[in-house]
Amino acid sequence: MSEVQWNRLTAAELRALAAQDAVVLIPIGATEQHGPHLPTGVDDFLAAEVCRRAAVLAVEHTGVVVAPSIPTGLSEHHMAFGGTLTLSLPTLYALLRDICRSAIRVGFSRILIVNGHGGNMTALNALTTELTVELSTPIAYASYFGAGREVVRDTLETQDSLMHACEGETSMMMAAHPDLIRSEFLTEAHGPRITLPAESTEPVYMAVSFDQITESGVAGDARVASPDKGERMLSGCASALADIIVRDPWAK
């Protein structure tokens, strides 16, 4: 199997991949509270895992390399719980710009930012446009759970899409990083159902601290999570992301 991780490849190997017009995936997540039962790195770990799996699938059809993941995003709404790291919007833009610019200077021209955090979604829509103009390169963006929306919906019992530290995220962590689950706290891991702000149909948006939504830090019900559900979602999201890569949206 071909190596797909940027930081496990040599500079010469990366130059060769750039010369072959390989796709660069840039996973981005968050480092924020995820209730009593999950570590703060959930969004980062899952974005990186889906990207790795997608690259392994897509490399059969085109060159693919996965950049080191960006572990911190826009998480101001979780700060009240503690344990959370957050960036400002200008910092996130500068970080993405410099990583994309570095990849372009190596010779890559097909770049896909792959998001794993609901709080990044609205910003990344706008920042992808800014990056495309500033870098004169067609930068693409997808949230892995948006690419795999159908498998997520069809797998979950208590929700139709990902919430936060929920049945979905907990199941995927059980499959990918079972050693990081604090299973003794699973009975406490439930809270109200939510809609991600980027997917809301409400006519007005206002910033709301997450501790005003849920005391537990959880939205959804992690008590019905399972490794089997997690593996199905990780595989399905990776397959959907690989299909996007192979369809080559940069060629349009």
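In this chain, residues are counted from 1 in sequence order. We use all heavy atoms of the structure for the numbers below, so side chains are in, but hydrogens, waters and symmetry mates are not.
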When every non-hydrogen atom of Glu169 is compared with those of Asp43, the smallest separation belongs to OE2-OD1, 3.0 Å

Could you tell me whether a side-chain N or O of His117 sits under 3.5 Å from a main-chain N or O of Leu74, the two making a donor and an acceptor?
-> yes

When you measure from the side chain of Asn120 to the backbone N and O of Ile28, does any donor-acceptor pair fall under 3.5 Å?
-> no

Side chains of Thr40 and Glu32, donor plus acceptor under 3.5 Å | no

Side chain to side chain contact (heavy atoms under 4.5 Å, CB included) assessment of Glu167 paired with Leu156 | CA-CA 7 Å; Glu167 176 188 357; Leu156 298 176; 3.7 Å; yes

What's the shortest heavy-atom distance between Leu57 and Ala242, and which atoms?
-> CB-CB, 3.8 Å

Start with the C-alpha gap between His37 and Ser183, add the side-chain angles, then the distance that decides, and say whether side chain to side chain contact (heavy atoms under 4.5 Å, CB included) holds.
-> CA-CA 6 Å; His37 64 301; Ser183 56; over 6 Å; no

Backbone of Ser161 reached by a side-chain donor or acceptor of Gln159 within 3.5 Å = yes

Can you pull the ring pair (Phe, Tyr, Trp, His ring centres under 6.0 Å) pairs that have at least one residue in residues 8-28, sequence neighbours excluded?
-> none

Establish whether Leu87 and Met79 are linked, either directly or via other cluster members, by ILVMFWY side-chain heavy-atom contacts under 4.5 Å.
-> no

Has the side chain of Trp250 got a donor or acceptor atom that lies under 3.5 Å from a matching backbone atom of Pro138?
-> yes

Return yes if some donor-acceptor pair links the side-chain N/O of Ser102 with the main-chain N/O of Asp98 below 3.5 Å, else return no.
-> yes

Looking at side-chain heavy atoms only, is the closest gap between Pro39 and Met173 below 4.5 Å?
-> yes

By salt bridge (Lys or Arg N to Asp or Glu O under 4.0 Å) - contacts of Asp248 (at least two apart) = Arg110

If you group Ile, Leu, Val, Met, Phe, Trp and Tyr by side-chain heavy-atom gaps below 4.5 Å, do Leu95 and Met121 land in one group?
-> yes

Donor-acceptor contact present, side-chain Gln33 to main-chain Gly35, <3.5 Å | yes

Residue set satisfying ring pair (Phe, Tyr, Trp, His ring centres under 6.0 Å) with His34, at least two apart, ordered chain then number -> His164

Which atom pair, heavy atoms only, marks the closest approach of Met163 to Ala219?
-> CB-O, 3.1 Å

Is it true that a side-chain atom of Thr137 and a backbone atom of Leu135 form a donor plus acceptor pair closer than 3.5 Å?
-> yes

Please check if Ile194 and Val152 belong to a single hydrophobic cluster, counting links between Ile, Leu, Val, Met, Phe, Trp and Tyr side chain heavy atoms closer than 4.5 Å.
-> no

More than 12 heavy atoms of other residues, nucleotides or ligands under 6.0 Å from CD of Glu134: is that the case?
-> yes

Thr62/Asp21 under side chain to side chain contact (heavy atoms under 4.5 Å, CB included): CA gap, chis, key distance, verdict = CA-CA 8 Å; Thr62 186; Asp21 195 27; over 6 Å; no

Mind running side chain to side chain contact (heavy atoms under 4.5 Å, CB included) on Ile104 and Ile111 for me, showing each step along the way?
-> CA-CA 9 Å; Ile104 292 165; Ile111 297 173; 3.8 Å; yes

Leu124 and Leu89: same hydrophobic cluster, using ILVMFWY side-chain contacts below 4.5 Å?
-> yes

Heavy-atom distance under 4.5 Å between the side chains of Ile181 and Leu38, does that happen here?
-> yes

Distance-minimising heavy-atom pair for Leu112 and Ala142 = CD1-N, 3.9 Å

Non-hydrogen atoms of Ser75 and Ala30 that approach each other most closely = OG-CB, 3.6 Å

Distance, nearest 0.5 Å, that separates OG1 of Thr91 from CG of Leu96 | 11.0 Å

Any sub-3.5 Å donor-acceptor pair from Glu13's side-chain atoms to Thr10's backbone N or O?
-> yes

For Arg97, what residues pass the side-chain hydrogen bond (donor to acceptor under 3.5 Å, both in side chains) criterion, not counting sequence neighbours?
-> none

Decide yes or no for Leu131 and Arg101: does some side-chain heavy atom of the first lie under 4.5 Å from some side-chain heavy atom of the second?
-> no

Set of side-chain contact (heavy atoms from CB on, under 4.5 Å) partners for Thr132, sequence neighbours left out = Thr128, Ile139

side-chain contact (heavy atoms from CB on, under 4.5 Å) filter on Glu215, not counting sequence neighbours, yields none

Just jot down the ring pair (Phe, Tyr, Trp, His ring centres under 6.0 Å) partners of His177, sequence neighbours excluded, or say none.
-> Phe45

With sequence neighbours excluded, residues passing side-chain contact (heavy atoms from CB on, under 4.5 Å) with Asp44 = Ser69, Pro71

Identify, with sequence neighbours excluded, every residue that meets side-chain contact (heavy atoms from CB on, under 4.5 Å) alongside Pro192.
-> Ile213, Thr214

Has the side chain of Gln5 got a donor or acceptor atom that lies under 3.5 Å from a matching backbone atom of Asn7?
-> no

Check against salt bridge (charged side-chain N to carboxylate O under 4.0 Å, His left out), Lys229 and Glu157 | CA-CA 10 Å; Lys229 292 177 186 176; Glu157 293 180 65; 2.4 Å; yes

Which class fits the ring pair Phe108 and Trp6: parallel under 30°, tilted 30 to 60°, perpendicular over 60°?
-> tilted

Thr86 side-chain N/O to Glu76 backbone N/O, donor-acceptor pair under 3.5 Å | yes

To the nearest 0.5 Å, what is the distance between CG (Leu9) and CG (Leu14)?
-> 5.0 Å

Approximate separation, where rounding is to 0.5 Å, of Ser209 OG and His77 NE2 = 9.0 Å

Should Leu46 and Met233 be counted in the same cluster of Ile, Leu, Val, Met, Phe, Trp and Tyr side chains packed under 4.5 Å apart?
-> yes

Here the ring pair (Phe, Tyr, Trp, His ring centres under 6.0 Å) pairs for residues 184-206, sequence neighbours left out, are none

State, without any angle test, whether Glu231 and Ser235 hold a side-chain donor-acceptor pair at a distance under 3.5 Å.
-> yes

Shortest non-hydrogen contact from Phe81 toward Ser216 = CE2-C, 4.4 Å

Min side-chain heavy-atom separation Val23-Val65 under 4.5 Å = no

Under 3.5 Å, is there a donor-acceptor pair between the Asp228 and Ser226 side chains?
-> no

Could you list all the ring pair (Phe, Tyr, Trp, His ring centres under 6.0 Å) pairs where at least one residue sits in residues 128-161, not counting sequence neighbours?
-> none

Could you pull out all residues at least two apart from Arg149 that satisfy side-chain hydrogen bond (donor to acceptor under 3.5 Å, both in side chains)?
-> Glu199

